[in-house]
There are 2 protein chains.
Amino acid sequence: MSEKKKSSELRRSMPLLPIGTVMQLTELSARQIRYYEEHDLIQPHRSDGNRRMFSLNDVDTLLEIKDMLEQGINMAGIKKLFDMKKNAAVQSVQAEKEISDSELRRILREEMRNANRHQKSTLRQGDLSRFYQ
Amino acid sequence: MSEKKKSSELRRSMPLLPIGTVMQLTELSARQIRYYEEHDLIQPHRSDGNRRMFSLNDVDTLLEIKDMLEQGINMAGIKKLFDMKKNAAVQSVQAEKEISDSELRRILREEMRNANRHQKSTLRQGDLSRFYQ
DNA sequence: AATGTTATGTTAGGAAAACTAACATTAATA
DNA sequence: TATTAATGTTAGTTTTCCTAACATAACATT
């Protein structure tokens, strides 16, 4: 997986939004959003003061939930579908790991050359730490 | 302009973030952020209940302000530079007319002297664009 | 028909976050 | 020395969000 994809995944999982913003973005009520969390369909972060903080991924998931419910799927069904999706994602990651050694070496060489060309484009772990409570 | 660029511009200007989130993203105090608004460097939206709501573009602007201040440029200089940038975006020819060459040289000399006095922190703030799509 | 379940609404009381406005402080400058 | 610019701090108020409980409409089960 590329460095760009990884950092974009980090960005989309950053807990930035309060519930009010998420309500507007999804047109869901606070009651609905909390209910879906209660049923473990989303896991928003919490601020120091216990406020839920949502990521863009959370918003995506909520829109999926809303869509599925409007299609008549109930919470149990949605939960099952999400579990399946997660398993599929894990399997695809595992499949991705099964690249040949030579392919791996080729990718690493590529990454090294990239990193050397523009040092600042390499996302460093410490840079994001302040965004998490 | 492509459809993708337009929709991404829409997302970047959407008022999503409360001041607390912006404080974390920029490492600025609420006092500083409100002060910069007071001096018209940013124009955050307001919620129905009068809370400031910031866009990702606002966060970018705040990081620019922070960087310029750390370089020793003062508020008046930043305001002028932002105005110039905005005018340049609209009409570069028009922008040149608004400030005579001698005026421009005077401003730049002023800012250079200001900046030279602040030698201590030349650390550049990272570009926010790394953190979102 | 009566009862239970699911998803959501509503309300109350409390805590956190953000607001404005005023005064304080610190470093740089005239 | 006095002034100014940028920021800190505090107080009092309003808005937003929290949990917990009870209410309800639609639907399913007995």
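It should be emphasised that the depicted structure is a prediction, and the values quoted were computed from it without experimental measurement. Below, read A as the first sequence line, B as the second, and so on, with proteins coming before strands; counting in each chain starts at 1.
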Contact state string [nucleotides 16-30 of chain D, B base, S sugar-phosphate only, - no protein heavy atom under 4.0 Å]:
BBBB-----------
Whole-Å distance, B:Gln24 CD to C:dA17 C1', equals 12 Å
Interatomic distance, B:Ile78 CD1 vs D:dA5 P [rounded to whole Å]:
14 Å
So, A:Gln24 and A:Thr21: side-chain donor and acceptor under 3.5 Å apart, yes or no?
no
Here the distance between atom P of C:dT26 and atom CG of B:Leu69, to the nearest Å, is 20 Å
Here the salt bridge (Lys or Arg N to Asp or Glu O under 4.0 Å) pairs for residues 42-51 of chain B, sequence neighbours left out, are B:Glu37-B:Arg46
For D:dT30, give the paired nucleotide (Watson-Crick: N1-N3 plus N6-O4 or O6-N4; G-U: N1-O2 and O6-N3; both under 3.5 Å), or none.
C:dA1
Walk me through whether B:Asp58 and B:Val22 qualify under side chain to side chain contact (heavy atoms under 4.5 Å, CB included).
CA-CA 9 Å; B:Asp58 290 329; B:Val22 176; over 6 Å; no
Is A:Glu27 atom CD crowded by more than 12 heavy atoms from other residues, nucleotides or ligands, each under 6.0 Å away?
no
For the pair made of CD in B:Glu38 and P in C:dC19, what is the distance, rounded to whole Å?
13 Å
Donor-acceptor pair, A:Lys66 side chain versus A:Thr26 backbone, under 3.5 Å?
yes
For the side chain of A:Gln43 and the backbone of A:Asp40, is there at least one donor-acceptor N/O pair under 3.5 Å apart?
yes
Residue pairs meeting ring pair (Phe, Tyr, Trp, His ring centres under 6.0 Å), one or both in residues 38-83 of chain B, sequence neighbours left out, come to B:Tyr35-B:His39
Taking CD from B:Glu70 and C1' from D:dA6, how many angstroms apart are they, rounded to a whole number?
13 Å
Taking OP1 and OP2 of C:dT8, is either one under 4.0 Å from a side-chain nitrogen or oxygen of A:Tyr35?
no
Could you check how far CG of A:Leu41 sits from P of C:dT6, rounded to whole Å?
14 Å
Could you state the atom-to-atom distance from CD of B:Gln32 to C1' of D:dA5 in whole Å?
13 Å
B:Tyr36 side-chain proximity, nearest of C:dA7, D:dA6, D:dT7
D:dT7
Between C:dT6 atom P and A:His39 atom NE2, what is the distance in whole Å?
8 Å
